[in-house]
Amino acid sequence: MYLLVNVIGLLVFIGVGFLFSKKKKDIDWRSVLIMLVINLVLAWFLTSFSVGRDIVLGAANGFNWLVQVAYTGIAFALPSWVNVKQMDFVASVLLPILMIIPLFDILTYIGVLPWIIKWLGRGLAKITGQPKFESFFAVEMMFLGNTEALAVSSLQLKQMKAERTLTLAMMSMSCVTASIIGAYTQMMPGQFILTAIPVNIINAIIVTNILNPVKVTPEEDTIAKMGGSGSAIGEEEAADGKIEREPFFSFLGDSILNAGKLVLIITANVIAFVALAALIDKVLQLFNPWVTLEHLLGIVMFPFAWLMGLDVSHAFEFAQYMGTKLVTNEFVVMGKVQNSITTFAPHYQAVLTVFVTSFANFSTVGMIIGAFKGLVDREKNDMIAKNVGYMLLSGILVSLLSAATVGLFVW
């Protein structure tokens with residue numbers, strides 16, 4: 001029965017996308033069907049076959065190994081934070097970012113990541129029949145994150161029509177950054193984190209293709225040279241118009257500083273959101289001891305949680321986590337469940353982990369709008385600002401579709 005509900009849920013989430021589509025007649029259902037099949041096969045392979053499970057477990061172990069290496073640097077500076085029975089959230093989860101982000105930036109600087117992104121994007125476009133740049137951008141986000149991917153694609157954004165930039169803004173709600181996957185795998189089951197990432201990429205293309213279908217002519221279907229933002233890959237434009245590569249150690253220093261800023265941003269957000277949620281709970285409980293923010297969010301999100309194939313009690317709990325994640329961020333939910341998630345049933349572990357593995361929340365909307373303001377003209381900015389609801393809907397639907405897709409194969 002629960003499997004059937006899960007299947008129905010997958011169809012319902014697609015139906016919601018169709019219901020809110022801007023141009024229902026322009027949806028390329030053939031491409032959508034191809035991508036759905038690819039996602040189902042991918043989720044099936046990564047969760048149901050030993051070789052698939054070995055791949056994701058190997059990748060998860062690789063990120064965990066990077067985190068362990070990062071602890072060496074943390075222990076040198078802050079031994080009392082590492083050499084303890086139970087490390088704090090900041091030390092165990094966030095400080096490793098100070099090593100992992102520069103590592104990914106180095107791979108970008110020497111050209112390895114741009115090469116991987118280019119060919120994966122081209123392959124995805126060929127298979128799915130989607131425009132080249134949208135496919136390229138989906139892969140780019142997986143490695144670089146949403147604002148970073150937008151920054152290095154600034155030249156392309158200037159050349160695209162406004163409807164396509166809205167598609168990119170909607171897709172930006174669904175990514176995670178490879179450089180913080182290590183942080184995620186310290187808190188949630190790594191095999192489901194790593195499964196969620198490619199599934200999210202394809203679902204982001206599916207959802208935006210349904211919500212905001214845009215016809216792209218062959219003349220428009222091109223990819224501008226990666227690196228238009230300069231600083232994102234260590235290149236700057238000299239006075240004579242030539243592109244000069246920034247010195248490596250200057251580039252590395254900037255990367256480390258940016259990693260430090262990200263750690264502070266995440267720390268500040270987690271502290272603020274948890275404290276504000278607690279304050280809201282205190283105020284609500286003045287009227288009724290039962291009423292809390294999580295309970296209210298659970299009521300709103302319950303139908304969607306139940307469609308994941310969960311029993312009623314687990315569906316309500318999951319709905320509360322879903323609402324909390326959308327209002328705050330994924331780290332808040334991960335922090336709540338990291339000590340107990342291994343006791344959950346396999347299906348519950350899978351759908352919860354996959355759902356929270358994205359940047360889809362209210363604060364991400366502000367980040368994306370802010371990123372576009374410095375990259376595109378007013379017409380495109382206005383188009384994005386007027387469609388905040390679609391951006392949120394896109395992020396939520398991708399998370400729901402991904403969780404439902406992976407959940408089909410884990411019981």
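Numbering starts at 1 and runs along the sequence shown.
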- Evaluate side chain to side chain contact (heavy atoms under 4.5 Å, CB included) for L393 paired with M170, printing each intermediate quantity in order. CA-CA 8 Å; L393 179 61; M170 292 163 64; over 6 Å; no

- Please confirm whether the backbone N or O of L19 pairs with a side-chain atom of K24, one donor and one acceptor, at under 3.5 Å? yes

- Within the distance-only criterion (no hydrogens, no angle test), does the side chain of K325 pair as donor or acceptor with the backbone N or O of S358 below 3.5 angstrom? yes

- Message: Within the 4.5 Å heavy-atom criterion, are S172 and F359 side-chain neighbours or not?
- Response: no

- Close side-chain approach of L194 to I55, heavy-atom, < 4.5 Å: no

- Query: If you take all heavy atoms of G17 and L211, which pair is closest and at what distance?
  - Reply: O-CD2, 3.4 Å

- Roughly how far, to the nearest 0.5 Å, is the CD atom of Q338 from the CD atom of Q186? 9.5 Å

- Donor-acceptor pair, side chain of D88 and main chain of V90, under 3.5 angstrom: no

- Message: A side-chain contact here means heavy atoms from C-beta on lying under 4.5 Å apart; do F133 and V216 qualify?
- Response: no

- Heavy-atom side-chain proximity of V199 to V354 below 4.5 angstrom: no

- Give a yes or no on whether the backbone of T353 and the side-chain of T357 come within a donor-acceptor separation of less than 3.5 Å. yes

- Message: Evaluate L284 against T292 for side chain to side chain contact (heavy atoms under 4.5 Å, CB included), listing each step before the verdict.
- Response: CA-CA 6 Å; L284 291 173; T292 64; 5.5 Å; no

- salt bridge (charged side-chain N to carboxylate O under 4.0 Å, His left out) against E330, all qualifying residues, sequence neighbours excluded: none

- Decide yes or no for L66 and P96: does some side-chain heavy atom of the first lie under 4.5 Å from some side-chain heavy atom of the second? no

- Query: Within the side chain of K22, is there an N or O that forms a donor-acceptor pair under 3.5 Å with the backbone of V214?
  - Reply: no

- Heavy-atom donor-acceptor pair, H347 side chain to M308 backbone, under 3.5 Å: yes

- Query: How far apart are the closest heavy atoms of E246 and S250, and which atoms are they?
  - Reply: OE2-OG, 2.8 Å

Got a list of side-chain donor-acceptor pairs under 3.5 Å for residues 252-260, not counting sequence neighbours?
{"from": "S255", "atom 1": "OG", "to": "D105", "atom 2": "OD2", "distance (Å)": "2.5"}
{"from": "N258", "atom 1": "ND2", "to": "D254", "atom 2": "O", "distance (Å)": "3.2"}

- Item | Check: F318 ring centre within less than 6.0 Å of W306 ring centre | no

- Task: Tell me, with the steps shown, if L157 and F372 meet side chain to side chain contact (heavy atoms under 4.5 Å, CB included).
- Result: CA-CA 9 Å; L157 296 176; F372 270 99; 4.1 Å; yes

- Query: In Å, rounded to the nearest 0.5 Å, how long is the span from CE of M383 to CZ of R164?
  - Reply: 13.5 Å

- Of all heavy-atom pairs linking G298 and A319, the shortest is O-CB, 3.3 Å

- Query: Is any side-chain heavy atom of Q320 less than 4.5 Å from a side-chain heavy atom of H295?
  - Reply: yes

- Measure across M173 and N361 and return the closest heavy-atom pair with its distance rounded to 0.1 Å. CE-O, 3.5 Å

- Atom pair CG/CH2 of L120 and W115 - distance to nearest 0.5 Å: 8.5 Å

- Indicate yes or no: at least one non-hydrogen side-chain atom of Y184 is less than 4.5 angstrom from one of V356. no

- Item | Derivation and outcome, side chain to side chain contact (heavy atoms under 4.5 Å, CB included), residues L397 and I210 | CA-CA 11 Å; L397 284 178; I210 295 174; over 6 Å; no

- Working to the nearest 0.5 Å, report the span between OG1 of T167 and CG of N212. 4.0 Å

- Message: Main chain of K336, side chain of Y321: is a donor-acceptor contact present, judged purely on distance under 3.5 Å?
- Response: no

- Message: If I take atom CG from residue L166 and atom OG from residue S394, how far apart are they, to the nearest 0.5 angstrom?
- Response: 9.0 Å

Side chains of residues 400-411: which donor-acceptor pairs under 3.5 Å do they make with residues two or more places apart or in other chains?
{"from": "S402", "atom 1": "OG", "to": "N200", "atom 2": "OD1", "distance (Å)": "2.6"}
{"from": "S402", "atom 1": "OG", "to": "N203", "atom 2": "ND2", "distance (Å)": "2.9"}
{"from": "S402", "atom 1": "OG", "to": "V398", "atom 2": "O", "distance (Å)": "3.0"}
{"from": "T405", "atom 1": "OG1", "to": "L401", "atom 2": "O", "distance (Å)": "2.7"}
{"from": "W411", "atom 1": "NE1", "to": "G407", "atom 2": "O", "distance (Å)": "3.3"}
{"from": "W411", "atom 1": "NE1", "to": "L408", "atom 2": "O", "distance (Å)": "2.9"}

- Message: Using only atom types and a distance under 3.5 Å, with no angle test, would you say the side chain of K380 pairs donor to acceptor with the backbone of M160?
- Response: yes

- Query: Going from CG on L326 to CD1 on I396, what distance comes out if it is rounded to the nearest 0.5 angstrom?
  - Reply: 5.0 Å

- Between F248 and F251, what is the ring plane arrangement, given parallel below 30°, perpendicular above 60°, and tilted in between? tilted

- Task: Taking all heavy atoms of F344 and all of Q349, pick out the closest pair and write down the distance.
- Result: O-NE2, 3.0 Å

- Which atom of I341 lies closest to which atom of M188, heavy atoms considered: CD1-CE, 3.4 Å

- Message: I'd like to know if K386 pairs up with D382 as an ion pair, taking the criterion as any Lys NZ or Arg NE/NH1/NH2 lying under 4.0 Å from an Asp or Glu carboxylate oxygen.
- Response: no

- Any side-chain heavy-atom pair of M187 and F331 under 4.5 Å: yes

- Taking the side chain from R53 and the backbone from S48, do they hold a donor-acceptor pair closer than 3.5 Å? yes

- Quick one: are the ring centres of Y390 and F20 less than 6.0 Å apart? no

